[in-house]
**Q** 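Here it is: the structure, laid out below.
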Amino acid sequence: MNSPDGQADPYPLLGELRSKGDVVPAPWGGAYFVTGFDACNQVLRGREWLAPDFAWQERQAHTERWEAPATQEMTKTLSRLNAPEHTCQRRSLGNLFDRSTIERMTPDVDRDVTRLLDDLAERLRAGPADFAETVSEQLPISTVGSWLSLPPEDYPHLLEITHDQVYAQELLPSRSQLAVSAEATIRLRAYFTELIRQRRATPGDDVLSGWIRTWDELEPDREAADEVLYRLTMFITIASLETTATLLSSVVWHLLEEPSRWTWLRENPEHIDAAIDEALRYDPPIHINTRVAADDTVLAGVPVAKDSMVHVMYGAANHDPRRNPDPYTFDILRAGTHLTFGGGAHYCLGAALARLETRSMLTQLLRRFPTLRAVSPPVFASRMVFRRVTSLSVAI
Ligand code: HEM
């Protein structure tokens, strides 16, 4: 899956894995790939499956992987916490993107999209342009940046460290990848602790100032409150960037791949939301999520010992023909189901925002660029867990 061909189309490989069973032992032992939709759903929602937290890590052999600074730092974030700490931190945030927040944010997102598409139009006048670089990479940082009131001049720095940090979350990161992540981790901590210090000095009615007020009430120890605030703000920011950027590029690619889809959606824009969901199903930006067994258990008929890792394979689950018939056909009107935003207690906090950005981008793109075409298929970074489109060349 790490090869260029595997990245371009991992689905035959994932289908092959699923054909070996809903739960397939990993060759290195102590871990399983979960491929069937129902089994993945059960892991994501069941109380007998936990996030691999510090308590679990301490019971593992002391390997470079678990002791690496970037891994340790990630283990402190929301996605790796279990109840009661996880419940307390999630409650402190509330429903970040409820309907009224999304409505309030819509005009700003629409304006950002217009600005980015103006830039795309300018570039396209001179020849093919890179959609990933010009639009997909820029919209998520611009959206989350203005939501958190971050200075726009910091955006390139944040994008760079996010791309570097992500290696620590790979399935089997190499020593050199862990070193790149370690460096990025230091820079992320420096950036977000300074941000919180500054926001404390000049509080306002922005989102982050609100979190500071909440945590000052929940946690009397100021240092401990700032530590949680750093972790939350850092993690929410990095969780929002590559994921959404990949969705933006992938939905455009899947529509342009078959030009009749582009034309059809232009004529039937009421199906834009359905097209977004089909792109989420077909090509999930995150391919693997890991949980561990809280106790000895049985999953889809396979005995799984306490503490074993189970890797939820979103791409395999979404293509399970028992859930989505004819799964390898990109069908905007299929009304299928997917697990792309996860499920249960850790369900993605930013799903509504990612949908808003994609809807706004597609609505304007279809209207403004009727003859848009892909010059070549997208190029992907060599990753297993977080898919990333590094370029998508388009022309008019
Ligand atoms: C297409 C874009 C996105 C995709 C595919 C995506 C996918 C996911 C997935 C698979 C999870 C893990 C769910 C689980 O463990 O069951 C997750 C968690 C999370 N996502 Fe997203 N995400 C996206 C965009 C965003 C955005 C825009 C934000 C924030 C603005 C965000 C914030 C988070 C946070 C904070 C968590 C951790 C939740 C927890 O552990 O309680 N995500 N996301």
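Numbering of ligands and ligand atoms starts at 1, following listing order. All values reported here derive from a predicted model rather than from experimental measurement.
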**Q** Side chain, backbone, both or neither: which part of Pro285 comes within less than 4.0 Å of ligand 1 when only heavy atoms are counted?
**A**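 Side chain only.
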**Q** Please state which part of Thr244 comes within less than 4.0 Å of ligand 1, counting heavy atoms only: side chain, backbone, both or neither.
**A**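 The answer is both, backbone and side chain.
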**Q** Please tell me whether Asn318 and Tyr282 have a donor and an acceptor in their side chains that are separated by less than 3.5 angstrom.
**A** no
**Q** Who's closest to atom 24 (C) of ligand 1 heavy-atom-wise, of Val43, Leu78, Thr243?
**A** Thr243
**Q** Applying a heavy-atom cut-off of 4.0 Å, say which part of Leu349 lies close to ligand 1: side chain, backbone, both or neither.
**A** both
**Q** How far is atom 20 (N) of ligand 1 from its nearest protein heavy atom, and which residue and atom is that?
**A**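 Nearest protein contact, heavy atoms only, for atom 20 (N) of ligand 1 is Cys348 SG, 3.3 Å.
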**Q** Counting only nitrogen or oxygen atoms and a 3.5 angstrom limit, does Arg90 reach ligand 1?
**A** yes
**Q** How far does CG of Asp38 sit from CZ of Arg322, to the nearest 0.5 angstrom?
**A** 7.0 Å
**Q** Does His86 have a heavy atom less than 4.0 Å from any atom of ligand 1?
**A**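 Contact present.
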**Q** In the protein, which heavy atom is nearest to atom 12 (C) of ligand 1, and how far is it?
**A** Asn289 ND2, 3.6 Å
**Q** How about Trp262 and Phe369: are their ring centroids closer than 6.0 Å?
**A**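 They do not qualify: ring centres at least 6.0 Å apart.
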**Q** What protein heavy atom lies closest to atom 37 (C) of ligand 1? Include the residue and the distance to one decimal.
**A**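 In this structure, atom 37 (C) of ligand 1 has Phe235 CE2, 3.6 Å as its nearest protein heavy atom.
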**Q** Please tell me whether Asp108 and Ser146 have a donor and an acceptor in their side chains that are separated by less than 3.5 angstrom.
**A**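 Checked: Asp108/Ser146 side chains show no N/O donor-acceptor pair below 3.5 Å.
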**Q** Checking side-chain polar atoms at under 3.5 Å, does Asp110 have a donor or acceptor matched by the opposite partner on Ser360?
**A** yes
**Q** Nearest to atom 28 (C) of ligand 1, what protein heavy atom do you find, and at what distance?
**A**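 Closest protein heavy atom to atom 28 (C) of ligand 1: Gly350 CA, 3.4 Å.
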**Q** Which is it for His163 and Glu137 under the side-chain hydrogen bond (donor to acceptor under 3.5 Å, both in side chains) test, yes or no, and what are the steps along the way?
**A** CA-CA 11 Å; His163 294 320; Glu137 177 99 340; 2.8 Å; yes
**Q** If you have a sec, work out which protein heavy atom is nearest atom 30 (C) of ligand 1 and how many Å separate them, to one decimal?
**A** Ser240 CB, 3.5 Å
**Q** Show the atoms of ligand 1 that are less than 4.0 angstrom away from any heavy atom in Leu44.
**A** 16 (O)
**Q** Closer than 4.0 Å to some heavy atom of Leu247 - which atoms of ligand 1 meet that?
**A** 1 (C)
**Q** Does Arg387 count as lying over the ring of Phe380, i.e. NZ or CZ under 6.0 Å from the six-ring centre, within 45 degrees of the axis?
**A**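 The answer is yes, since Arg387 meets both limits relative to Phe380.
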**Q** Can you tell me if Gly343 contacts ligand 1 (heavy atom of the residue under 4.0 Å from the ligand)?
**A**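 Yes, Gly343 has heavy atoms under 4.0 Å from ligand 1.
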**Q** In terms of hydrophobic clustering (I, L, V, M, F, W, Y; side-chain heavy atoms under 4.5 Å; direct or indirect links), are Leu372 and Leu248 co-clustered?
**A** yes
**Q** Please identify which atoms of ligand 1 are closer than 4.0 Å to at least one heavy atom of Ser79.
**A** 40 (O)
**Q** Among side-chain atoms of His254 and Asp283, is any donor-acceptor pair under 3.5 angstrom?
**A** yes
**Q** For atom 32 (C) of ligand 1, what is the nearest protein heavy atom, given as residue, atom name and distance?
**A**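 Of every protein heavy atom, Ala239 CB, 3.6 Å lies nearest to atom 32 (C) of ligand 1.
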**Q** Starting from atom 4 (C) of ligand 1, which protein heavy atom do you reach first, and at what distance in Å?
**A**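 Among all protein heavy atoms, the one nearest atom 4 (C) of ligand 1 is Phe341 CE2, 3.5 Å.
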**Q** Taking C-beta and beyond as the side chain, do Arg334 and Arg281 meet within less than 4.5 Å on heavy atoms?
**A**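 With C-beta onward as the side chain, the pair touches.
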**Q** Can you list the atoms of ligand 1 that are under 4.0 Å from a heavy atom of Gly342?
**A**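 Matching atoms, with element in brackets: 10 (C), 13 (C), 14 (C), 16 (O).
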**Q** Consider only side-chain N and O atoms of Arg388 and Ser249, and report whether a donor and an acceptor are under 3.5 Å apart.
**A**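 Result is no, nothing qualifies.
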**Q** Side-chain heavy atoms under 4.5 angstrom apart, residues restricted to Ile, Leu, Val, Met, Phe, Trp, Tyr: same cluster for Leu241 and Phe341?
**A** yes
**Q** With heavy atoms of Thr340 as the reference, note each atom of ligand 1 found under 4.0 Å away.
**A** 5 (C), 7 (C), 10 (C)
**Q** Where the closest heavy atom to atom 40 (O) of ligand 1 is concerned, which of His346, His287, Arg387, Arg355 has it?
**A**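 That would be His346.
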**Q** Find all atoms of ligand 1 within a distance of less than 4.0 Å from any non-hydrogen atom belonging to Phe97, and give their numbers and elements.
**A**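 The atoms of ligand 1 under 4.0 Å from a heavy atom of Phe97 are 30 (C).
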**Q** In the protein, which heavy atom is nearest to atom 9 (C) of ligand 1, and how far is it?
**A** Ile286 CD1, 3.8 Å
**Q** Using 4.0 Å as the upper bound for N to carboxylate O, is an ion pair formed by Arg355 and Asp273?
**A**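 The answer is no: the pair does not qualify as a salt bridge.
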**Q** Which ligand 1 atoms, with their elements, are less than 4.0 angstrom from a heavy-atom of Arg291?
**A** 14 (C), 15 (O), 16 (O)
**Q** Closer than 4.0 Å to some heavy atom of Tyr314 - which atoms of ligand 1 meet that?
**A**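 So the atoms of ligand 1 that pass are 10 (C).
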**Q** When you check the side-chain N and O atoms of Asp53 and Thr75, is any donor under 3.5 Å from an acceptor?
**A**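 Asp53 vs Thr75: no donor-acceptor pair found between side chains.
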